[in-house]
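Computed from a predicted structure; not experimentally measured.
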Amino acid sequence: AIPIWSAKLVVPFVSVYSHIRDKRPLYTSYSLTTLSGNSLFSNDKAKQEFHYTVRDIEETVRDMVEWIYNI
């Protein structure tokens with residue numbers, strides 16, 4: 001793990017290296033911006049205005065598996 005600021009310094013080199021190797025870059029300036037952005041979100045407004053509720057993870061995973069495999 002390295003600090004975001006140092007990763008941003010080497011983005012051009014990562015880009016050139018990945019282009020030479022014909023591989024997808026490990027990260028881009030956009031991905032670093034996304035990672036360093038504000039990730040503190042709240043669902044309070046959805047709860048108040050739309051009566052949003054959170055389901056148990058077990059129920060969600062079970063429903064997803066049933067949906068994927070059409071059980």
Side-chain angles (χ1 to χ4, degrees):
I2 60 173
I4 293 286
W5 64 266
S6 61
K8 286 182 179 182
L9 287 176
V10 296
V11 164
F13 304 105
V14 170
S15 178
V16 169
Y17 178 76
S18 64
H19 183 70
I20 291 170
R21 303 269 317 209
D22 196 27
K23 298 215 179 220
R24 206 170 169 191
L26 182 59
Y27 58 87
T28 64
S29 59
Y30 178 75
S31 65
L32 293 176
T33 300
T34 302
L35 285 172
S36 62
N38 182 5
S39 61
L40 302 175
F41 297 97
S42 170
N43 61 11
D44 290 340
K45 187 174 182 180
K47 287 178 180 178
Q48 290 174 350
E49 296 186 15
F50 303 114
H51 307 291
Y52 170 76
T53 58
V54 179
R55 298 183 342 156
D56 290 334
I57 188 69
E58 292 86 6
E59 180 184 1
T60 302
V61 170
R62 184 178 57 248
D63 286 351
M64 180 188 68
V65 169
E66 288 176 5
W67 179 78
I68 289 173
Y69 294 106
N70 287 325
I71 298 174

Quiz item: How far does NZ of Lys8 sit from CG of Leu32, to the nearest 0.5 angstrom?
Solution: 6.5 Å
Donor-acceptor contacts, no H, no angles, side chain residues 42-50, under 3.5 Å, sequence neighbours left out:
residue	atom	partner	partner atom	Å
Ser42	OG	Asp44	N	3.1
Ser42	OG	Asp44	OD2	3.1

Quiz item: What pairs with Ser31 under side chain to side chain contact (heavy atoms under 4.5 Å, CB included), at least two apart in sequence or on another chain?
Solution: Tyr27, Thr28
Practice problem: Return the set of residues passing side chain to side chain contact (heavy atoms under 4.5 Å, CB included) with Phe41 (not counting sequence neighbours), or none when no residue passes. | Solution: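 For Phe41 there are no side chain to side chain contact (heavy atoms under 4.5 Å, CB included) partners, ignoring immediate neighbours.
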Quiz prompt | Residues clustered with Trp5, ILVMFWY side-chain links under 4.5 angstrom | solution =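 Members other than Trp5 - counting any ILVMFWY side chain reachable under 4.5 Å - are Leu9.
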Quiz item: With a cutoff of under 4.5 Å between side-chain heavy atoms, which Ile, Leu, Val, Met, Phe, Trp and Tyr residues group with Tyr52?
Solution: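 Listed partners: Val54.
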Exercise. Treat each ILVMFWY residue as a node, draw an edge where side-chain heavy atoms are under 4.5 Å apart, and state whether Tyr30 and Ile4 are in one component.
Key: no
Let me check something: any side-chain donor-acceptor pairs from residues 10-24 under 3.5 Å, sequence neighbours excluded? List them with distances.
residue	atom	partner	partner atom	Å
Tyr17	OH	Arg21	NH1	3.4
Ser18	OG	Val14	O	3.1
Ser18	OG	Ser15	O	2.9

